[in-house]
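Below is one structure, written out as structure tokens, with a few remarks after it.
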Amino acid sequence: MDQPKIIVAVRKRPLSKKESKEGQKDIVEVQGNTVIVREPRVKVDLTKFIEEFNFNFDAAFDQQYTNEDLYQQLVKPMVQAALNGTKITCFAYGQTGSGKTYTMLGDQNVVGIYTLAAYDLFQLITNSLVLSVSFYEIYCSKLFDLLNDRVQLVAREDAKGQVNIAGLSETKVHSVQEFQKTVEMGIKSRVTGQNSVNQDSSRSHAILQINLRQQNKIIGKLSFIDLAGSERGADVVEYHKQTRIDGAEINKSLLALKECIRALDLNKNHTPFRGSKLTQVLKDSFTGNCRTLMIGTISPCHKDAEHSLNTLRYADRVKELKAPQAQNSVDQLTRELMLPRQYIMNNYLFESPQANKSVSPPKLFDHDNTDLYQDEIQIKPNRNSNLKDKYDELIQQILDEERALKKAHRDHIDDLIELVNDEMKMLQTVDQPNSDIEEYVDGLDNILRLKIEKIMRLRKKLQSFKQHLMDEQDLAHQCQTHFYQKQHQN
């Protein structure tokens, strides 16, 4: 029997000591391959009730399962397949603090699946095979080498359609200890940031690639991706501008990743690799002889119910496993959109109060449509419903302008250096006997005029960029105000 191209699994972490002291309740139950979330809720009349959600996956693990249990069941067969030429990709996805990094890296007392895979590889490989490691991150669509002082990298696609990362370092390792030291060195360079979920949230996608080489030819590849923390829009709105921009880029890449994995599972002719930098650099992992594992990690406590439900919906939409269960139209629409339930239950966050509240779930996934953003619901806009669209467009404009401003700044510095060299030559000339002072004055005046023009041109770009940053701040507050108003109304 052929092995599936994609396996979707979910892992529930235990309650922490802090959460237990705070009186947090465990609302997640794992029964076989089914994950059940029982969320305590309150009706408008303050009546308390429990809302239940059921999700079915290829595998599900509760808090009693260890990293090694998960590895033995899901990852080890893939490691063995890598030695036979299969390209293996393993993702960890979930809310910050849900156990992604613990699953991948482990801690001081427990090894993660990175190291467990390394143990098996060194036992299985022959003397003719060489194991090498590359480690890089994707932060705001930019690539940085974590094993080479965060040098910025460039991904280029050649004439054969192969994506190559120019300048990416590759470190040969000869033992598990060397492998661990290499990974630890890269982890220290990774970008983190603050949000309402975690003071040290991963704001980048970290990609660890293990290459198996024989006479400089790659015969097997394993890619382990620790995805950036997935938080709701309401969380990133509460923090500073860069965190919000990070969140917009993270959400865009996660959407593109979901579409690529689903296209792989459905054997589509077209896979939207160019939807994000993440899917572009992983193009090789989605084509040919390949297998993919996605591990969704969730928190059990009721304060994280929305985050856990979002993770489960994301994983559920990746593979679209069909489990017979009764659903109302609102829950179905929520699952299709992969959004916080409040967004739907409050009749759309950015919709005007006068808008018609009766909206039938449209057909969101037309498998013949290869558009990357086919998930997005098509609702006729009204006066306020385009707030979210405006915000997304503004974020994209800010990201584009940031790149253009940095390029203009570098060009400006190059021009100034050239003008300074001209000034030095002028001073050397004017210091010579019988020099023409009027020629010096005219030359200096011309150089100062050029400097002013270049400075004003750069400053104009800067002022435009600053204004858009201020616009983003105002729009973010409008979005947040809408969110809390809707919460109080309902």
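Values in this document were obtained by computation on a predicted structure and should not be read as measured data.
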Problem set entry | Contacts of type salt bridge (charged side-chain N to carboxylate O under 4.0 Å, His left out), residue Asp145, not counting sequence neighbours | none
For this session: Would you give the length of the straight line joining atom OH of Tyr71 to atom OG1 of Thr103, rounded to the nearest 0.5 angstrom?
Result: 14.5 Å
Exercise. When you measure from the side chain of Glu19 to the backbone N and O of Leu15, does any donor-acceptor pair fall under 3.5 Å?
Worked result: no
Exercise. Would you say the side-chain atoms of Ser98 pair up with the backbone N or O of Gln95, donor to acceptor, closer than 3.5 Å?
Worked result: yes
For this session: Answer yes or no: is there a donor N or O on one side and an acceptor on the other, between the side chain of Lys5 and the main chain of Cys290, under 3.5 Å?
Result: no
Problem set entry | Ion pair check, Arg11 and Asp62, cut-off under 4.0 Å | no
Problem set entry | Exercise: identify the closest heavy-atom pair between Val176 and Thr115 | CG1-CG2, 3.9 Å
Exercise. Any Lys/Arg nitrogen of Lys76 or Glu68 sitting under 4.0 Å from an Asp/Glu carboxylate oxygen of the other?
Worked result: no
Problem set entry | Heavy-atom closest contact (Lys48 atom, Val42 atom, distance) | CG-CG2, 4.3 Å
Exercise. Is a side-chain donor or acceptor of Ser20 paired with a backbone partner of Ser16 at a separation under 3.5 angstrom?
Worked result: yes
For this session: Would you confirm whether the ring centroid of Tyr314 sits within less than 6.0 angstrom of the ring centroid of Tyr93?
Result: yes
Exercise. So, Ser308 side chain and Ser299 main chain: donor-acceptor pair closer than 3.5 Å or not?
Worked result: yes
Exercise. With sequence neighbours excluded, what pairs up with Glu22 under the side chain to side chain donor-acceptor pair (under 3.5 Å) test?
Worked result: none
Problem set entry | Steps toward side-chain contact (heavy atoms from CB on, under 4.5 Å) verdict (Leu222, Leu208) | CA-CA 8 Å; Leu222 297 94; Leu208 175 73; over 6 Å; no
For this session: Can you establish whether the number of heavy atoms outside Lys181 located under 6.0 Å from its atom NZ is more than 12?
Result: no
For this session: Measure the CG-CG distance between Leu312 and Asn56 for me, rounded to the nearest 0.5 Å.
Result: 11.5 Å
Problem set entry | Tyr102, OH atom: more than 12 neighbouring heavy atoms under 6.0 Å | yes
Exercise. Charged N to carboxylate O below 4.0 Å: is that the case for Glu51 and Arg38?
Worked result: no
For this session: Could you list all the salt bridge (Lys or Arg N to Asp or Glu O under 4.0 Å) pairs where at least one residue sits in residues 80-98, not counting sequence neighbours?
Result: Lys87-Asp284
Exercise. Is Glu170 salt-bridged to Arg213, going by a charged N under 4.0 Å from an acidic O?
Worked result: yes
Exercise. Any sub-3.5 Å donor-acceptor pair from Asp107's side-chain atoms to Val110's backbone N or O?
Worked result: yes
